[in-house]
Each structure stands twice: as structure tokens, then as C-alpha cells.
Chemist: 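Quick one: structure below, then a few questions.
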Amino acid sequence: MQGRIHGNEPYGLDGILSVLKSLATSGAKQWRQIREEFTVHFIPVYNPDGSEMNIRHTILWDRATDTPRLDANGNQQRIDLNRDWAPTAFVARESLAWYEYWTMVKPAYALDIHHQGLKRDRDTGEAITFSLGISLAPGGPTLPGIQDGEYDVLTRQMQSHVWLETKDYGFIGIDKYDVGYGTVIDIRGGVVSAMMLGLDYGGLNHTGHSNPAVFFETSGNTSDGSIGHKARGKFVRQNVLGMTAWLDGLADGSVFEVDPDIWHDQIPGTPVLRYFTDWGGIIPAE
Ligand SMILES: [Zn+2]
């Protein structure tokens, strides 16, 4: 479970701390079962320097001069850590550190916590506070080809389970993540995508480990001003509820019983008209 890869997205950290407390101290049956079934690894703050600066990226640093490293145009080298797990990437040392950790742990499942901009339901106008994401589009150009389509089903089951468990809380408005009407992502260079693709960088994953992975997006970046601040308690809480549902459903096996078609048929979201990719531009869904 990974939080705050983008430094200006704090609720991954806040939610993880709450889940950690329950995991470590709760005597409830649910948490006992999670402890019995799993060893849970947390990265509360993937991007500590970006978090300290409250910016999305990290800044590459020249240790000799103790100043930011500059590119050929004299600009600071800012790295989006969520685009840095790719065959020609791993520019930042955080990326290689967490990638090596992943190859040592070889997790069975992964969850990544983010924030997005403010969002409203396009039909009802109601605030969307929580978007459920799969970084390689279900039924899209990439995911159905991984592990004979197993992850295409499992990722939809995980998110459908989270939706079923959280949709009736009045303060959470849920949909599927998109990057504009009709457009969903198929990003191969993101961390959780690289996990699903079983990326082998530098021979560290020579056994070809891979695992299904999903992400959550809370609406309201810290740059959106007071909205995120005023609603902070609710926004952290929705992440805690989502993370708990995800863990609990995997531990008691209920995730695997969920109808994966709930993803397409029931969870609100845009129709899929095109894929926004980092490997082939914009690709029509047909
Ligand atoms: Zn993010």
C-alpha cells in the first residue's frame, strides 16, 4: 500500500497511518483476519522531498554543490516519480529504491493512493470525492493481454468490491477515474502499471514477478485551496474505508466472488471512447 508518491497529495499518508493503527492494535475479527492472511507492506510517503516542498514531483539534487541539478536549458530537473518505472527511466533514486523493495517483497496485490482535481458528476452535478482507478484500462489495449486476462478481471473485482462497500456512505461521491469525458488512461510507465506488467529493470526482477494493482483518487489537491482542507477529515476517512474494504475483501476472499461486470455496468463514470496512453498517444477505443 503506497501513499504520497506525489508530494502534494497528503491523504495517502494520512489514510495509511490510520490503517496501520487498526492493523497493529485492533482486536476486531476483520483486522485479526487481515493479520492472519497477509503481511502488509506500507510506503506511507514514497516522495519525502516532494512532500516537504508540497509539490507533485521530486527535484534531482546535486550533492556536491547542494543545489538542484539543472538540465541543458538551465531548468531544475523535476521528476514525476509515477512515470519513473520504465525501461529507460529510474532517474530518481527513490524509484530504484522502491523498485528493488518491490522485487524483494514480490507482493500479491498493490494499492496506490492519489489526489485529483475537483470533479462533479457530469449528469447530476454532485461532487465526486473519490474516483476508483485502474492504470491499464480494463478491456483496453494492454491489460487483457497480461496473465491471460487474470488482472483485467481481478482489478475490476477489487474496485467493484470497494465500491459496494463504500457507495452508501452519504459523504462519499464515487465514480471511475478518467482524464476527461470519454477518455481513460492506459499508462504503462506508472508504478502500479509496471507492477502489473512485471517490469524487469537491471535484472532485479529476472523471475518476472507481477501483481494486480489499483489506485484511489481523492478530489481536491492541496493546490485547490480550502476545499480539501475543510473536508480533510472526510477525505481521509473515505480513503481509510476504501483501503479497509480492499484489504478485508482480499483477506476474506469476498473480492474474488464479486461480479467484475459491476465495474462497467454499475459504477458511475464516463463511457470509454478513447485511451490516453504514454506509449502511443491517444488511441480510439474502437
Ligand atoms: Zn497522484
Side-chain angles (χ1 to χ4, degrees), residues 1-19 42-60 78-86 89-92 94-95 97-99 102 110-119 127-137 155 158-159 162 172-180 183-197 213-225 227-229 231-232 234-240 242-243 246 269-270 275-278:
M1 301 181 78
Q2 173 182 299
R4 209 162 183 177
I5 190 169
H6 293 136
N8 60 346
E9 301 177 1
Y11 299 154
L13 164 64
D14 296 353
I16 280 174
L17 291 179
S18 175
V19 169
F42 295 93
I43 302 174
V45 183
Y46 188 116
N47 179 4
D49 294 333
S51 296
E52 217 163 87
M53 293 179 278
N54 198 32
I55 59 171
R56 177 182 179 89
H57 301 74
T58 194
I59 299 176
L60 297 187
R78 293 193 169 209
I79 303 298
D80 182 343
L81 294 174
N82 202 29
R83 297 291 181 274
D84 203 30
W85 279 33
F90 291 99
V91 176
E94 290 89 337
S95 302
W98 292 126
Y99 175 78
W102 173 73
L111 173 63
D112 187 21
I113 314 293
H114 289 264
H115 293 221
Q116 64 186 355
L118 300 177
K119 188 175 185 182
I128 296 293
T129 63
F130 202 43
S131 296
L132 306 175
I134 301 171
S135 58
L136 297 167
T155 50
M158 287 185 210
Q159 294 290 43
V162 169
I172 312 178
I174 310 178
D175 75 351
K176 287 174 286 200
Y177 180 73
D178 61 62
V179 289
T183 309
V184 298
I185 58 170
D186 199 80
I187 297 287
R188 295 180 182 171
V191 168
V192 292
S193 297
M195 289 180 179
M196 291 199 274
L197 288 161
V214 295
F215 65 92
F216 298 160
E217 295 273 353
T218 288
S219 295
N221 284 293
T222 46
S223 50
D224 285 321
I227 300 240
H229 177 67
R232 179 180 176 280
K234 288 192 278 193
F235 283 172
V236 174
R237 180 85 184 127
Q238 70 182 9
N239 276 295
V240 172
M243 284 189 263
W246 182 81
T270 182
Y275 302 109
F276 178 88
T277 80
D278 61 345

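Note that the structure is predicted; figures quoted are calculated from it, not measured. All values below come from the heavy atoms of this structure, side chains included, with hydrogens, waters and symmetry mates left out. Counting convention: from 1, in listed order, for ligands and their atoms alike. Along the sequence shown, the residues carry numbers beginning at 1.
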Chemist: To make sure I understand the geometry: which N, O or S atom in Glu9 is closest to the Zn ion (ligand 1)?
Modeler: OE1
Chemist: Is the ring centre of His115 less than 6.0 Å from the ring centre of His6?
Modeler: no
Chemist: In a check of side-chain contact (heavy atoms from CB on, under 4.5 Å) between Tyr275 and each of Ile185, Thr183, Leu136, Val184, which one passes?
Modeler: Val184
Chemist: Of all N, O or S atoms in His114, identify the one at the shortest distance from the Zn ion (ligand 1).
Modeler: ND1
Chemist: Counting backbone and side-chain atoms alike, is an N, O or S atom of Glu217 positioned under 2.8 Å from the Zn ion (ligand 1)?
Modeler: no
Chemist: Whether the side chain of Ser193 engages the backbone of Ile187 through a donor-acceptor N/O pair (distance < 3.5 Å, no angle test) should be reported.
Modeler: yes
Chemist: Looking at Asp80 and Arg56, is there a salt bridge between them, counting it only when a charged N and a carboxylate O are closer than 4.0 Å?
Modeler: yes
Chemist: With respect to the Zn ion (ligand 1), what is the nearest N, O or S atom of His6?
Modeler: ND1
